[in-house]
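To start, the structure itself, in structure tokens.
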Amino acid sequence: MIIFQFLFLLFSLFAIGTVVKRKKDAVMSNIGTAFWMFFWVLADVVVFFPDSTTLFANRLGIGRGSDLITYVSLALVFFVLFRLHVKLHEIQRDITSLVRKDALEDRDV
Amino acid sequence: MFLAIVPAYNESERVGSVVRSLLAHVDAVVVVDDGSMDDTAEVAREAGAVVIRHRLNRGQGAALETGHTYARNIGATYVLHFDADGQFSVDDIEPALSVMKKEHVDIIFGTRYIDTRSNVPWTKKYILRPVGKLVDRLFGGVHLSDAHNGFRIFNKKALEHMHLSHSGMAHASEIPALVKKHNLSYIEVPVSVTYHEYGQGIGGGVRVVRDLVLGKFSK
């Protein structure tokens, strides 16, 4: 086992522990728990058996499995960042609506 | 009722004189204090304005929309947007309102580019203005020579349609888009602008574009 695989295993176990804790605290749904457990187990499989992704990569016309992982990860990160940005924008609007309501009620119009 | 809406943020030095001079030309002045950390609200109230206070700083667009809501609630017939920093001249109000009534238009937009009274910095005139016009066109606004001029007058019909969703400076591009969307009539009149500070620069322009883009993806 190379050092990276060991460190990644530790990190994924920590992440799975966090998922379990959030499930116990009743802040995560069954679907959410299942998704994140599956995600981290799959990540472990990919890290321990890097060649397992090559099969899929070849079918998509990409040479190496690690390249496929890089492309998919980058796309996901950009998508999540964009969603977060939009969500923040919506929260800002909600705050503005609250501030306005409060200001106008204070004014007793 | 002719109501002036004055969005203000940390303008205690100038807002008093602005309110007093406005009261000679309009029926009432509402100052929307956008979470100022100084005495803007107290100074404006002492000068004779109705003051509505945001507990948090939300931006000029948010302050204007709060003013619009107040104006709709009290049944204002005309609404004037006027900056709190004293950059506009109250002498431009009556000629603008006369044009509005004579031409039967829904909105008056002030412009710095019809006459030569305003000493507009060249970076604003030759860099920010063309870019701003292009952005307004891309986001569906009507053609204006000076879209980001804060001097505007709305009649009641325009006020009913003017629900601003952008809290920051992107409202200046949102307004021409709403004019087009609701098929409102408008005319531009010359106004003078005296610069006490530079105002919105390139960074502000980038934020406007960012807000306009993100606004397209939000509810």
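Convention: sequence-line order gives letters A, B, ...; per-chain numbering from 1.
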With only heavy atoms counted, which part of A:Ile95 is less than 4.5 Å from chain B, the side chain, the backbone, both or neither?
both
Which bit of B:Ser167 is near chain A, if near means a heavy-atom gap under 4.5 Å: side chain, backbone, both or neither?
side chain
Should we count CZ of A:Arg22 as having more than 12 external heavy atoms under 6.0 Å?
no
Point-to-point distance, once rounded to the nearest 0.5 Å, from OG1 of A:Thr96 to CG of B:Leu164
11.5 Å
Is it true that atom NE2 of B:His161 has more than 12 heavy atoms of other residues, nucleotides or ligands lying nearer than 6.0 Å?
yes
So for atom CD1, which belongs to A:Ile91, do other residues, nucleotides or ligands contribute more than 12 heavy atoms lying within a distance under 6.0 Å?
yes
Give me the one residue out of B:Arg53, B:His54, B:Arg55 that meets side-chain contact (heavy atoms from CB on, under 4.5 Å) with A:Asp106.
B:Arg55
CG on A:Leu104 to OG1 on B:Thr66, rounded to 0.5 Å
6.0 Å
Can you name the side chain to side chain contact (heavy atoms under 4.5 Å, CB included) partners of B:Asp39, sequence neighbours left out?
B:Ser12, B:Glu42, B:Val43
Any sub-3.5 Å donor-acceptor pair from B:Arg58's side-chain atoms to A:Arg93's backbone N or O?
no
